[in-house]
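Report on the following structure.
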Protein chains: 2
Amino acid sequence: MKKEHRILADYLKQKGLKQTYQRFFILDKFLAAKRHLSADELHAMVREQNPKIGFSTVYRTLKLFTECGLAKEVNFGDGRARFERAIDRSQHGHLICANCGKAEEFTLGSVEKTIARIASRHGFKIERFRFKIYGLCKKCR
Amino acid sequence: MKKEHRILADYLKQKGLKQTYQRFFILDKFLAAKRHLSADELHAMVREQNPKIGFSTVYRTLKLFTECGLAKEVNFGDGRARFERAIDRSQHGHLICANCGKAEEFTLGSVEKTIARIASRHGFKIERFRFKIYGLCKKCR
DNA sequence: ACTATCATGATAGTGATACTCAAAATCAAT
DNA sequence: ATTGATTTTGAGTATCACTATCATGATAGT
Ligand SMILES: [Mn+2]
Ligand SMILES: [Mn+2]
Ligand SMILES: [Zn+2]
Ligand SMILES: [Zn+2]
């Protein structure tokens with residue numbers, strides 16, 4: 001059994017929720033995608049093989065993934081939430097192209113220490129952070 | 001005449017747009033506020049003294065301020081755009097409290113150099129960037 | 001003052017997200 | 001395997017911020 005299936009199964013058990021076919025099917029599709037996906041986009045992928053699964057379920061399941069740490073929600077300023085895998089990945093920021101919309105990733109490295117220092121100075125307890133750079137990518141500039 | 005009035009007036013002239021009472025009235029209200037304001041919130045402030053001014057005008061005027069560099073749009077993840085003064089202020093990030101919703105600011109300092117380095121490594125032309133830390137503020141933690 | 005052009009403000013439209021509920025599925029107990 | 005309590009699903013609807021439309025009004029150059 002995949003590590004991610006284990007994580008989801010454990011979370012569901014812990015919360016008294018049910019292990020449904022849909023939840024694990026959507027998880028597999030989600031993990032197979034490399035891009036940052038909106039609920040709409042993932043639903044389109046899901047319904048190719050399984051047209052019965054509704055948008056509501058995909059939408060709710062993405063929120064479930066976010067709750068249990070399997071996914072992270074990101075927002076690139078185009079008015080729709082996107083989701084990305086969050087297991088076995090290092091923290092990263094996004095370079096978002098204003099022209100083609102693509103989001104490149106960059107590792108944060110030393111910035112993470114800076115963030116910790118800033119937070120402690122303000123007495124702020126960090127839950128998560130987002131670092132985005134908007135502009136033009138190599139191709140579009 | 002206020003510096004900000006000058007900037008707006010110049011921008012309007014340059015673009016062939018008109019100097020209206022509303023635009024400068026809204027600008028004064030905007031500058032007087034210290035918080036990060038949504039269009040709704042600014043409209044509420046504006047209509048206290050001037051109930052004739054409509055939401056559409058406030059909304060469009062905030063976009064105009066953003067175009068001419070008087071304002072910056074920020075998004076704290078609550079599904080509504082907010083705006084802040086952008087003249088004579090240094091770059092800063094935001095510490096956003098998940099409990100009380102307040103947004104503290106922190107100066108970016110050395111992070112700006114890091115950003116420039118990251119961008120050049122990717123051949124990316126920076127237009128603007130956003131650095132947000134979500135968590136719990138001193139009072140709420 | 002005249003006229004072209006732009007702005008305003010009320011209204012309606014859009015699209016992503018969130019809620020509702022009847023029918024179906026899950027799962028623990030028998 | 002059957003039962004029954006509980007959760008989930010999927011379709012439909014509602015909500016909310018934002019955006020577009022357009023008749024009326026204001027601005028600014030002549
Ligand atoms: Mn990413
Ligand atoms: Mn700020
Ligand atoms: Zn691009
Ligand atoms: Zn707080």
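Treat the numbers as computed from the prediction; the structure is a model and nothing was measured. Convention: sequence-line order gives letters A, B, ...; per-chain numbering from 1. As a basis for the values below, the full set of heavy atoms in this structure was taken, side chains included, without hydrogen atoms, waters or symmetry mates.
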What does the B/S/- profile of nucleotides 1-13 of chain C look like, 5' to 3', with a 4.0 Å heavy-atom cutoff to protein? ----BSSBBBB--
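- Between the CD atom of Glu73(A) and the P atom of dA16(C) there is a distance of 14 Å, given to the nearest Å.
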Could you go through Met45(A) and Leu37(A), starting from their C-alpha distance and side-chain angles, then the distance that decides it, and tell me whether this counts as side-chain contact (heavy atoms from CB on, under 4.5 Å)? CA-CA 10 Å; Met45(A) 292 172 58; Leu37(A) 293 174; 3.9 Å; yes
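- Between Gln19(B) and Ser38(B), the residue anchored closer to the 5' end of DNA chain D is Ser38(B), taking for each the nucleotide with the nearest heavy atom.
- Taking atom CZ of residue Phe25(A) and atom C1' of nucleotide dG10(D), one finds them 16 Å apart after rounding to whole Å.
- The residue Ala39(A) sits apart from the nucleic acid: no heavy atom pair falls under 4.0 Å.
- Checked against Leu64(A) for a side-chain contact (heavy atoms from CB on, under 4.5 Å), the options Leu70(A), Leu12(A), Ile26(A) give a single hit: Leu12(A).
- Taking atom NE2 of residue His43(A) and atom P of nucleotide dT17(C), one finds them 14 Å apart after rounding to whole Å.
- Between Arg89(A) and Glu84(A) a salt bridge is recorded (basic side-chain N to carboxylate O distance below 4.0 Å).
- As the counterpart of dC6(C), dG25(D) is assigned, both hydrogen-bonding distances of the Watson-Crick or G-U wobble pattern falling under 3.5 Å.
- Rounded to an integer number of Å, the gap from Glu41(B) CD to dC16(D) P is 16 Å.
- Taking 4.5 Å as the limit, some side-chain heavy atom of Arg130(B) sits within range of a side-chain heavy atom of Lys72(B).
- Between Asn75(A) atom CG and dT17(C) atom C1' there is a gap of 12 Å when expressed in whole angstrom units.
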After noting the C-alpha distance and the side-chain angles of His36(B) and Phe83(B), does the key distance pass the ring-ring contact (aromatic ring centres under 6.0 Å, His included) rule? CA-CA 5 Å; His36(B) 301 89; Phe83(B) 297 83; over 10 Å; no
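- In this structure, Leu42(A) places its CG atom 15 Å from P of dA16(C), rounding to the nearest Å.
- Between His94(A) and Phe76(A), a ring centre-to-centre spacing shorter than 6.0 Å is recorded.
- Distance Lys63(A) NZ to dC19(C) C1': 11 Å, rounded to the nearest Å.
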